[in-house]
Amino acid sequence: MATAGNEYTADNFRVLEGLEPVRVRPGMYIGSTTSRGLHHLIWEIVDNSVDEALGGHCHNIVVELHEDQVVSVSDDGRGIPVGTHKQTGLSAVDIVFTRLHGGGKFGGGGYKVSGGLHGVGAAVTNALSTWLEADIRCDGYCWSVRYERGEPVRPLARGAALNKGAPTGTTVRWRFDPAIFEPDARYSYTTVEARLREKAFLVKGLRFVLRWPGHAEKVFFSQNGIADYVKEIDANGERTPVHPNIVLLSSETSEEPPQGDAAVSVEVALQWTAWSGKTDENERVHSFANVISTVDGGTHVEGLKAALTSALNRYAFEVGRLKQDKKESFHPKDIWEGLTAAVSVKLSDPQFEGQTKNKLNNSEARSAVQSFVYAALGEWLRDKRYKKDADAIVGRCAEARESRLARGRADTKRKRGVFDESPLPGKLDDCLDNLPVEDRELFIVEGDSALGTAGNARDKTFQAVLPIRGKILNVLGASNDRVWKNTEIESILVAMGGKKEAVGKRVVASLDAKDRRYGKIVILTDADTDGAHIANLLLTMLYELFPSLVAEGRIFLARPPLFKINLDAKGERFVYAYDDVERAQLVKRHNRKGDDVSRFKGLGEMPWEHLRSTCFDVSSRKLQQVAIEDLTESAETLNLIMGNGPTAASRRKSWLEEVGLEVPA
Ligand code: TSJ
């Protein structure tokens, strides 16, 4: 994607580091020295050719396994530049193969959009190979170079002249160093095949050829890009589409790269399928950033989820499938349930986070996907040609919604004996199961309407959400019988992994450490007086039922802000205020006017981005740990605070102030 006037020459390569660190710590660069790590040697080289293809300069890539585990990758691109770098006297080729961060991806010039782990790929493959050779066909000649264990042994040399009209391109061959890898590390046909297939779907018009001993030559080429990909995932998963036309939305309108720093190109393919009896959503939403698979999703997937929810809700209202006046709406779950999707973004500076760098972190990707998909899907749904598809899609979401509601009703209505093994409450929007209990968090949120916002704001990998309706029972003073008839208390108990136990004639809650389902319990209520009261009742209930959780410091209060004060006209810079006093102070301090302030009505109406950063995102939120002193030593004193009587009001006030809640009127 080098543009005119932005000539890409050897001088654009910046020189940083040598290769010793790669041989000393290969795991840092390729993840591991098992077969899995071995494949990185291929990916790093192939990604260079894919980048060339993304720029529109290459259309064919051949990957071949030869005798003795030698691999070659060949493309018909422009050829790695063979000129010499003025300052260092090194050829661009040497820099690509012997310097970390020496690729064209760094330091200006070169590609706007680029894949590859860190842009150090070719050097890493070279460092971990007993030998590596490159042939470069460009500038009328075939040039070649050879390295051994990363060191140049045959500097770049001009060879035979190319025939007139002969294609340009690059071929790289290497033998991995057995001293680096585990003794049984081997390349796998199926692994390479799957990767090339995936890449072909992501770069329309790019053709891969795979040659592998014992297998027929295979070609990967996709006419319809990720729409074909989605079709194939469903075919393999034996799922039945509920509409014939796959939704394909693409923001790429021309071959030209998008302009501007934050330009993000977005391509999305969507297909809803019938209920398969499984909720395997992780398998079904595939995401990519710069043609790199982001297995753990990230901002682009969050943007997609938010956009689908709002676009489909809006359309369902328009066509009368949901009744707005009855407060009917799709929960993100309803839309996700039957969905197979691929989302592919291309952006100029992808940030990957997490241990395995499999999650996209750029916030501009979230907003780009969200606004593009919201608009484009809205248009698609209203397009007469897709009327039948649109109806089927909304019908599928409505079906998911109805069955979710039915499950919820069945759950709360079911008359259960006190000692039944209770299934998890239907209202619980649980987190994924694969983390230690200590890392899991349960958010008890006020009101079903907050569920949607909280559902978007949380990180599903470790944050579960349980909505609680209305005023919760004040357990102090309530009879044992009444406590256990309360369905909200019951759901909290069950969600947390607790059980009911008979002690004499009373029923008490028990929560064995081994049954516990969450390490932290967070109470999240509206930032108003009602919310404070509900938080208060919940705390009392938790302390009464599970005193040890308070003692262990596992209970927290989240504080959603009440106001957002814009610091510029667009509201891109802003501060939060948590009460009227703070609002007034901040408005004054920042020299703002009253109309720079917006008030969040309740959790349900708050844009989820704000809820995320203040209450869910561990890097920015401020939770308040509830200490036992806050709750006083015993339920007796608590009773004083919660109960009636002459001093109750003032005690309640001082306690609430201490734990940072607003005082209920
Ligand atoms: F990994 C690798 F670097 F060794 C490698 C690079 C391996 C393979 C198989 C291909 C490639 C590669 C590099 N193919 N195509 C390119 N293109 C460039 O490096 C290139 C060519 C021309 C210009 C220009 O602006 O004129 C810029 C670049 C980055």
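All heavy atoms count here, side chains included; hydrogens, waters and symmetry mates do not. All residue numbers refer to positions in the sequence shown, counting from 1. Order of appearance sets the numbers: ligands from 1, and atoms from 1 within every ligand.
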Handout entry: Audit row: His39, Ser188, side chain to side chain donor-acceptor pair (under 3.5 Å) steps and yes/no
Key = CA-CA 8 Å; His39 287 89; Ser188 141; 4.6 Å; no

Fill in the blank from the handout: Those residues at least two apart in sequence (or on a different chain) that pass salt bridge (Lys or Arg N to Asp or Glu O under 4.0 Å) with Arg207 are none

Problem - Closest candidate by heavy atom, reference atom 5 (C) of ligand 1, pool Asn48, Val145, Val46 - result: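 Selected option, by shortest heavy-atom distance: Asn48.
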
Handout entry: Winner among Glu44, Arg173, Glu52, Arg78 once heavy atoms are compared against atom 23 (C) of ligand 1
Key =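 Result: the heavy atom closest to atom 23 (C) of ligand 1 is in Arg78.
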
Practice task
Of the side chain and backbone of Ile80, name the one, both, or neither that has a heavy atom under 4.0 Å from an atom of ligand 1.
Solution key: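 The answer is both, backbone and side chain.
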
Exercise for the section: For this output row, return yes or no: ring centroids of Tyr229 and Phe288 closer than 6.0 angstrom. Expected result: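 When the ring centroids of Tyr229 and Phe288 are compared, they turn out to be within the sub-6.0 Å range.
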
Practice task
Pull out every atom of ligand 1 sitting under 4.0 Å from any heavy atom of Ser49, numbered as shown with elements.
Solution key: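 Heavy-atom distances to Ser49 below 4.0 Å select 8 (C), 9 (C), 10 (C).
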
Problem - Atoms in ligand 1 with a heavy atom of Val96 nearer than 4.0 Å - result: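 Atoms satisfying the 4.0 Å criterion: 3 (F).
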
Practice task
Could you point out which residue of Val50, Val203, Val192, Val219 forms a side-chain contact (heavy atoms from CB on, under 4.5 Å) with Phe208?
Solution key: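 By the side-chain contact (heavy atoms from CB on, under 4.5 Å) criterion, Phe208 pairs with just one of Val50, Val203, Val192, Val219: Val50.
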
Problem - Matching residue for Asp459 among Arg612, Lys359, Arg440 - test: salt bridge (Lys or Arg N to Asp or Glu O under 4.0 Å) - result: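 When Arg612, Lys359, Arg440 are each tested with Asp459, the salt bridge (Lys or Arg N to Asp or Glu O under 4.0 Å) holds only for Lys359.
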
Exercise for the section: Look at ligand 1 and say whether Gly55 reaches it with a heavy atom at a distance under 4.0 Å. Expected result: no

Practice task
Check whether any heavy atom of Pro81 sits under 4.0 Å from an atom of ligand 1.
Solution key: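 Right, Pro81 reaches ligand 1.
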
